[in-house]
Amino acid sequence: MIAVHPFSATASTNQAHLRIMETTDLHVHVFPYDYYGDRAVDTVGLARTASIIGDIRAEATNSMLIDNGDFLQGNPMGDYIAYERGMKEGDMHPIIQAMNAVGFDASTLGNHEFNYGLDFLMKSLAGADFPVVSANVVKEMGSDPTKDVTLVKPYVIQERTVTDGAGASHAIKVGLIGFVPPQIMNWDRRHLEGNVQTRDIVAAAKAYVPQMKEEGADIIVALCHSGIGSADHEEGMENAAVPLAMVEGIDAILTGHSHLVFPGPRYDDFAGVDSAAGTIHGKPAAMGGFWGSHLGVIDLMLERDGNAWKIVSHSSEARPISKRNEDRSITALVESDEAVLASVQTAHDETLAYVRRAVGKTDAALHSYFALVADDPSVQIVSQAQVWYIDQMLKGTEHEGLPILSAAAPFKAGGRGGPEYFTDVPVGDVAIKNVSDLYLYPNTVRAVRVTGAQVKDWLERSAGMFNQVTPGEVDQVLLNPEFPSYNFDVIDGVQYEIDLSQPSKFGPKGEDLNPTADRIVNLTYNGAPVDPDQEFIIATNNYRASGGGSFPGAKGDTIVFEGPDTNRDVIVRYIVEKGTISPKADFNWTFKPLAGTTVLFDTGPKAVDYLDSVKTLDIEPAGEGPDGFTRFKIAL
């Protein structure tokens, strides 16, 4: 039975209930399928989300469906289209086909829309039956944002007919304006530099919103592909949803980028945010998870005042497509929409063939269950491939002969992705799907030239993954939940220990915390202490080398090589050349011993099968962790 929303049930003459539904961070997830694990799943997929849209529409007298960006990249289907099939003029991208089938009213651009280049992006958008807006990506800068030539339309004003509580029809103009983190200029510099520029999110909003009002927008919804972060505005900030909500004239905020859910307890202590009411500075907001896991829903009770509309009440929620049970199992709350599945069936089948293609063999299991607490084979193989590639690329250059190190991080290490979100490649054939599992993103290879001092600070930045512990105390929580695993770079080629009794030198976003902190100890190269002035090459990726994560020595000014190849392609080539790889961890880093001290570490349940791989740790199972994770105790 469909329960009509109270706003629809109680609306009177000249009052109308408008429901705004949001998907965000779909990342090409249409089928409820994990291409990396090559298995069906119940927790993702626009086809699942689409099946609840009809019911949710039926609860409201009037509704709109919006996507909030990051739809074009993020799983092997996206890579298959970009690298294998390609996009010619007139081709349809499968995620666009699926979104057309669902019936979106509009979308904005996310940062990952730029990963495959502007030509690919524009050919993909050409097939959309809905407008795509973004106000702060600019082809030609004007004297102010309203004079800019933007890559796509900065906003649209959609005229809709709404039915009021008495059954009468009225016209309403809904303004939709989009924003993307300005950091795309660093993250995808090779595609964007010289082609587009970006403006600050809040500055663009302050310029365009009054213009939208002048053009007759009754209400304005911000499609903010930017997270909920600090309430204090800083020029060029990445997560700008809170100061954006302060812009006069914006009535509602759709957020994303962070792969989290709002309303929800995750944001209980954020300034300007009411996580229970689902508001930011009193304005309704929603963030619908990621990969289709939730549908963000904002309900507006509108009242007609003369020829204008105003919001007299509102509510927000996020509807999930699945739930985790007490026994850790997953229950699907919806089935897939067959029409949406059918729209991309061919691309799905082609993607399966693509990811199942074997490229070599491994004689050691590649897993990431202990990647945050010990040197790890899944990170090791990435580092070995990067060094192999950069060594070839630097031959004959002024940098030949310098020691080559490699920085690599575990992408799938649980965290917000859940207890199944780990790399797990068994001994035997290695297929493309396994390489994608090892390296999630289509980054391209970079090399930077740094000093020994910068190597140490790079590692200090990584060591922010860990909470400070008190020597002699037991059962202390090891990992800082605010620190994403993709910023936990292990640098291969040097040896070092991490002293957890020391405070972190840098914060989760790379900000200075304790300038004199000294967590990285006994840092050596070839058995000798690293000289602060000694020079090294570090093989890494375009995101990191261009400033992603704010790592010392990787701010864009130390790059000495920009590869045309993706890190994934390099890993595939390395495996093909070697035939059989033996990516055993060399344990080049450990925790500094602290007598009588134990810490608790949560990882996936399957980690128990690989305890022998971390014999260098004094580690033992310690029961169940939260949300389906398994807990281990490590004696330092």
Counting only heavy atoms not in [X], do more than 12 sit closer than 6.0 Å to its [atom1] atom?
X	atom1	value
Lys206	NZ	no
Glu234	CD	no
Met92	CE	yes
Lys213	NZ	yes

[atom1]/[X] to [atom2]/[Y] distance, rounded to the nearest 0.5 angstrom?
X	Y	atom1	atom2	value
Ile250	Ile177	CD1	CD1	7.0 Å
Leu151	Leu192	CG	CG	9.0 Å
Ile219	Leu18	CD1	CG	5.0 Å
Tyr543	Thr444	OH	OG1	14.0 Å
Ser134	Asn136	OG	CG	5.0 Å

Check: [X]/[Y] side-chain N/O donor and acceptor closer than 3.5 Å:
X	Y	value
Asp164	His170	yes
Trp458	Asp489	yes
Asp67	Thr23	yes
His294	Arg319	no
Arg160	Gln158	yes
Glu215	Tyr155	yes
Asp349	Thr346	no
Tyr439	Asn541	yes
Asp337	Ser51	no
Asp299	His17	yes
Gln386	Asn567	yes
Arg57	Ser63	yes
Arg48	Ser336	yes

Practice problem: Look at the aromatic rings of Phe104 and Phe130 and report parallel, tilted or perpendicular, splitting at 30° and 60°. | Solution: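 Rings of Phe104 and Phe130: tilted, as their planes differ by 30° to 60°.
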Quiz item: Tyr33 vs Tyr35 aromatic rings, parallel, tilted or perpendicular, using cut-offs 30° and 60°?
Solution: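 Aromatic pair Tyr33/Tyr35 classed tilted.
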Okay, side chain of [X], backbone of [Y]: is any donor-acceptor separation there less than 3.5 Å?
X	Y	value
Thr558	Val448	no
Ser293	Gly289	no
Ser316	Gly278	yes
Gln211	Val209	no
Glu482	Pro508	no
Thr146	Tyr208	no
Arg461	Gly507	yes
Asn239	Gly227	yes
Asn111	Pro181	no
Asp148	Thr150	no

Quiz item: Excluding sequence neighbours, so at least two apart, what forms side-chain hydrogen bond (donor to acceptor under 3.5 Å, both in side chains) with Glu303?
Solution: Gln15
Quiz prompt | Taking every non-hydrogen atom, the tightest pair across Ala135 and Ala204 | solution = O-CB, 4.2 Å
Partners passing side-chain contact (heavy atoms from CB on, under 4.5 Å) against [X] (at least two apart in sequence or in another chain):
X	result
His112	His27, Asp70, Gln73, Asn115, Tyr441
Ala252	Val221, Pro284, Ile298
Met87	Ile81, Arg85, Asp91, His93, Phe120, Lys123, Ser124
Ser230	Asp232, Met237

Quiz prompt | Step-by-step side chain to side chain contact (heavy atoms under 4.5 Å, CB included) determination, Val445 to Thr566 | solution = CA-CA 6 Å; Val445 186; Thr566 69; over 6 Å; no
Exercise. Start with the C-alpha gap between Ser313 and Phe7, add the side-chain angles, then the distance that decides, and say whether side chain to side chain contact (heavy atoms under 4.5 Å, CB included) holds.
Key: CA-CA 9 Å; Ser313 189; Phe7 289 174; 3.5 Å; yes
Exercise. Check Val344, Val340, Val44 against Phe31 for a side chain to side chain contact (heavy atoms under 4.5 Å, CB included) and give me the one that passes.
Key: Val344
Quiz item: Can you list the steps and then say if Val273 with Thr279 is a side chain to side chain contact (heavy atoms under 4.5 Å, CB included)?
Solution: CA-CA 6 Å; Val273 177; Thr279 60; over 6 Å; no
Self-check item: Contacts of His225 that satisfy ring-ring contact (aromatic ring centres under 6.0 Å, His included) - sequence neighbours left out
Solution: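 Residues passing ring-ring contact (aromatic ring centres under 6.0 Å, His included) with His225: His257.
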Quiz item: Can you list the steps and then say if His191 with Phe114 is a ring pair (Phe, Tyr, Trp, His ring centres under 6.0 Å)?
Solution: CA-CA 7 Å; His191 294 310; Phe114 300 93; 9.3 Å; no
Quiz item: After noting the C-alpha distance and the side-chain angles of Lys283 and Glu248, does the key distance pass the salt bridge (charged side-chain N to carboxylate O under 4.0 Å, His left out) rule?
Solution: CA-CA 11 Å; Lys283 298 176 181 179; Glu248 185 177 355; over 6 Å; no
Quiz item: Within 45° of the ring axis of Phe551 and under 6.0 Å from its six-membered ring centre, is that where the NZ or CZ of Arg544 lies?
Solution: yes
Quiz item: Given the rule in the ring pair (Phe, Tyr, Trp, His ring centres under 6.0 Å) test, do Phe411 and Tyr486 qualify, once you have shown the distances and angles that lead to the verdict?
Solution: CA-CA 5 Å; Phe411 294 125; Tyr486 58 76; 7.4 Å; no
